[in-house]
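Just below is one structure, and these are the notes that go with it.
Since this is a predicted model, take the numbers as computed values, not measurements. Throughout, protein chains are lettered first and strands after them, A, B, ... in sequence-line order, and every chain is numbered starting at 1. What you see below is based on every heavy atom in this structure, not just the backbone, and it leaves out hydrogens, waters and symmetry mates.
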Amino acid sequence: MPELPEVEIVRRGLSPLITGARIDNLILRRKNLRFDFPVGFAKKISGTHITGVLRRAKYLLFELSSGQIILSHLGMTGNYRFFAPVKPGHFEKHDHVIFELSGTNPPSPFLIYSDPRRFGFMDLIDNQEDCAFLKHLGPEPLSNQLSAQMLRERFATRRGPIKTVLLDQRVIAGLGNIYVCEALFRSGINPSTPAKNLAVPNDCAQSDKLEDLTRSIREVLHEALEAGGSTLKDYRQVEGQSGYFQHRFAVYGREGEPCLRPACAGQIERAIHSARSSFFCPTCQT
DNA sequence: ACACGCTCCTGAACGC
DNA sequence: TGCGTTCAGGAGCGTG
C-alpha cells in the first residue's frame, strides 16, 4: 500500500532509469484503471521525452518535453517495473500500461505499470496548478511547511478523530493508514482524539503534543524512506526489491501484541475510524 | 465547512 | 477440496 515513502522510493528508482528517455509508444491493455485513461493518451505522449520524474503527495509526475505531465497514482496495488518481459509481447495479467522507451539507462524496451486492484489511475495534465487532483492537496510533510502551528490551524475546526483528519490529503498530503498509526503511537496520541482538542490555543500540554506529532510524522517517514519503504503484499521497488520498514512497525498489524514502549504493559488494540483499521496502545496513547 | 457512508477492485485468508 | 464470505484501503463523490 504505497504511501509517501513508497511512492518516493519508486520515484527515486525510476528517475535515473528513464529521465531523458523517449516514449516511442504506449500500449493500453484496457480502457481504464480506476478512471478512463485520458482521450488520445498514447497519441499525445508518443514521441515526447521524459524530462523529469517528480512526486507530489502520493502522485508520481512524469514531466514531458511537450510541457505536459503524466500524473500517476498507484492506488493500493499499483507498481512499475523496468524489466523486459520474458517473451517479447507477453505480459502478465495485471500489466495494464506498457511504455515502450528508447534511450533508457540501462536499455530496456518496456516500463510496465501493473495494478491488480486497479485503484490507481493516470491522467495527462498541462500543469500542477490547475490539476483538480493536486490543487487541494495540503503541504508536503517532509517540507518545512509542516509545523505544529500549521497543524494547529488546520485542526482547529475539525471535530472528527485525529486519525481521520491526518488521512485527509487536504490537511497534510501523503500520509496513509500505516504511517498515521505509527506517528500517533510515537507521539502518544490516541487516534480517537478529536483533532480540535489538540488545537486549543495557549494550552502548553496540547502544544507539546503537536510538536511531538510533527516530529513523529517526519521521523517515521524518514525512517521508512531509509528502509526502502514497507512491503506488505503488493508494493515493490522498481527493480523488484522489497522494502524493510514493515519489520519496524510498532503498532500497525500488531493487534493483541504487547506495546513496545519501554515499561509500558499495554497491549495493542484495533479500532475502526472511517472504515479503516487503527492500531494503538490504549495505555500510552491517551 | 465538515462528517459520514458508499463505491470501485482483486487476492489472500478464513470458516464451514 | 471447494465454495462462499470477509477483509485490506485511497480518495472521489453524494448526501445531510
Side-chain angles (χ1 to χ4, degrees), chain A residues 1-8 10 29-38 55-61 71-79 91-97 113-123 125 131-138 140-141 151-184 191-199 221 224 229-236 242-243 246 249 251-256 268-280:
Chain A
M1 36 213 68
E3 303 182 24
L4 187 154
E6 290 74 29
V7 179
E8 176 62 19
V10 170
R29 301 183 69 233
R30 49 180 301 126
K31 73 176 178 61
N32 64 340
L33 294 170
R34 181 174 175 200
F35 307 123
D36 282 357
F37 290 111
R55 179 192 58 76
R56 171 76 172 105
K58 302 174 197 171
Y59 293 89
L60 286 169
L61 306 168
L71 186 75
S72 170
H73 194 292
L74 303 177
M76 293 292 298
T77 55
N79 66 86
F91 300 109
E92 302 197 17
K93 183 177 175 185
H94 299 297
D95 293 345
H96 305 307
V97 183
Y113 177 76
S114 174
D115 189 352
R117 282 158 70 181
R118 306 202 302 273
F119 271 28
F121 55 91
M122 288 187 197
D123 200 1
I125 64 174
C131 172
F133 293 114
L134 302 179
K135 66 201 289 187
H136 300 297
L137 289 173
E140 286 286 321
L151 290 181
R152 182 177 300 108
E153 287 164 15
R154 283 161 189 258
F155 289 174
T157 60
R158 303 293 294 257
R159 284 173 292 130
I162 188 162
K163 168 70 189 306
T164 301
V165 173
L166 287 174
L167 287 173
D168 186 337
Q169 302 297 297
R170 295 168 300 184
V171 173
I172 178 169
L175 299 180
N177 203 37
I178 292 172
Y179 297 115
V180 168
C181 287
E182 296 295 319
L184 288 174
S192 299
T193 309
K196 63 185 301 190
N197 289 12
L198 293 167
L221 294 178
S230 302
T231 296
L232 293 181
K233 291 193 178 71
D234 303 286
Y235 167 73
R236 282 284 182 281
S242 294
Q246 66 277 11
F249 293 161
V251 287
Y252 187 83
R254 296 193 61 247
E255 182 181 12
I268 305 307
E269 288 185 4
R270 188 167 75 101
I272 303 294
H273 297 102
S274 27
R276 315 251 161 80
S277 289
S278 298
F279 297 91
F280 67 105

Contact under 4.0 Å: Arg270(A) side-chain N or O vs dA8(C) OP1/OP2: yes
Which of parallel (below 30°), tilted (30 to 60°) and perpendicular (above 60°) describes His73(A) and Tyr59(A)? perpendicular
Nearest whole Å is fine: how far is dA8(C) P from Glu255(A) CD? 9 Å
Please compare His73(A) and Ser277(A) by the position of their nearest nucleotide in DNA chain C and report the one closer to 5'. Ser277(A)
Can you tell which of dG10(C), dG12(C), dA8(C) lies closest to the side chain of Lys58(A)? dG10(C)
Is the shortest side-chain N to carboxylate O distance from Arg158(A) to Asp168(A) below 4.0 Å? yes
Would Ile178(A) and Phe279(A) count as a side-chain contact (heavy atoms from CB on, under 4.5 Å) here? Give the steps. CA-CA 9 Å; Ile178(A) 292 172; Phe279(A) 297 91; over 6 Å; no
Describe the nucleic acid contact of Phe121(A) in one word from base, sugar-phosphate, nothing, applying a heavy-atom distance below 4.0 Å. nothing
Can you sort out the partners of His273(A) under side-chain hydrogen bond (donor to acceptor under 3.5 Å, both in side chains), two or more places apart, ordered by chain and number? Ser192(A), Ser278(A)
Those residues at least two apart in sequence (or on a different chain) that pass side-chain contact (heavy atoms from CB on, under 4.5 Å) with Glu153(A) are Gln149(A)
Applying side-chain hydrogen bond (donor to acceptor under 3.5 Å, both in side chains) to Arg118(A) and not counting sequence neighbours gives none
Rounding to 10°, can you tell me the angle the first-five-pair axis of the helix from dC2(B)-dG16(C) to dC16(B)-dG2(C) makes with its last-five-pair axis? 50°
If I take atom NE2 in residue His94(A) and atom C1' in nucleotide dT10(B), what distance separates them, rounded to the nearest angstrom? 6 Å
Heteroatom pairs (N/O) under 3.5 angstrom, protein to nucleotides 14-16 of chain C:
none

Below 3.5 Å is the cut-off: list the nitrogen or oxygen pairs between protein and nucleotides 5-8 of chain B, distance only.
none

By ring-ring contact (aromatic ring centres under 6.0 Å, His included), which residues pair with Phe280(A), not counting sequence neighbours? none
To the nearest angstrom, the CG-P distance between Leu4(A) and dA11(C) comes to 11 Å
Here the distance between atom P of dG10(C) and atom CG of Leu137(A), to the nearest Å, is 14 Å
Taking the side chain from Lys163(A) and the backbone from Ser277(A), do they hold a donor-acceptor pair closer than 3.5 Å? yes
Taking atom C1' of dG9(C) as reference, at what distance in whole Å does atom NE2 of His273(A) sit? 16 Å
Tell me the interatomic distance from Leu134(A), atom CG, to dA11(C), atom C1', rounded to whole angstroms. 13 Å
Residues in side-chain hydrogen bond (donor to acceptor under 3.5 Å, both in side chains) contact with Thr157(A), at least two apart in sequence or another chain: none
Any donor-acceptor pair, under 3.5 Å, between the side chain of Arg117(A) and the base of dG9(C), if you only look at N and O atoms? yes
Salt bridge (Lys or Arg N to Asp or Glu O under 4.0 Å) partners of Arg29(A), counting only residues at least two apart: none
Please report, rounded to the nearest Å, how far the C1' atom of dG9(C) is from the CD atom of Glu6(A). 14 Å
Output all residues satisfying side-chain hydrogen bond (donor to acceptor under 3.5 Å, both in side chains) with Tyr179(A), sequence neighbours left out; order by chain, then residue number. Glu6(A), Ser230(A)
Under the salt bridge (Lys or Arg N to Asp or Glu O under 4.0 Å) test, which residues partner Asp36(A), sequence neighbours left out? Lys31(A)
Got a sec: does the CZ of Arg159(A) have more than 12 other heavy atoms crowding it under 6.0 Å? no
Give a yes or no on whether the backbone of Glu255(A) and the side-chain of Arg270(A) come within a donor-acceptor separation of less than 3.5 Å. no
Tyr252(A) vs dG9(C): side-chain N/O to OP1/OP2 distance below 4.0 Å: yes
Is there a side-chain polar atom (N or O) of Lys93(A) under 4.0 Å from OP1 or OP2 of dT10(B)? no
Whole angstrom is fine here: how far is it from CZ in Arg118(A) over to C1' in dG10(C)? 16 Å
Kindly say if His136(A) contacts the phosphate of dA11(C), meaning a side-chain N or O under 4.0 Å from OP1 or OP2. no
Which protein N or O atoms sit under 3.5 Å from an N or O of nucleotides 2-4 of chain B?
from	atom 1	to	atom 2	distance (Å)
dC2(B)	OP1	Thr157(A)	OG1	2.1
dA3(B)	OP1	Arg159(A)	N	2.6
dA3(B)	OP1	Gly160(A)	N	2.7
dA3(B)	OP2	Arg158(A)	NE	2.5
dA3(B)	OP2	Arg158(A)	NH2	3.2

With a 4.0 Å cut-off on N to O distance, would you call Arg56(A) and Glu140(A) a salt bridge? yes
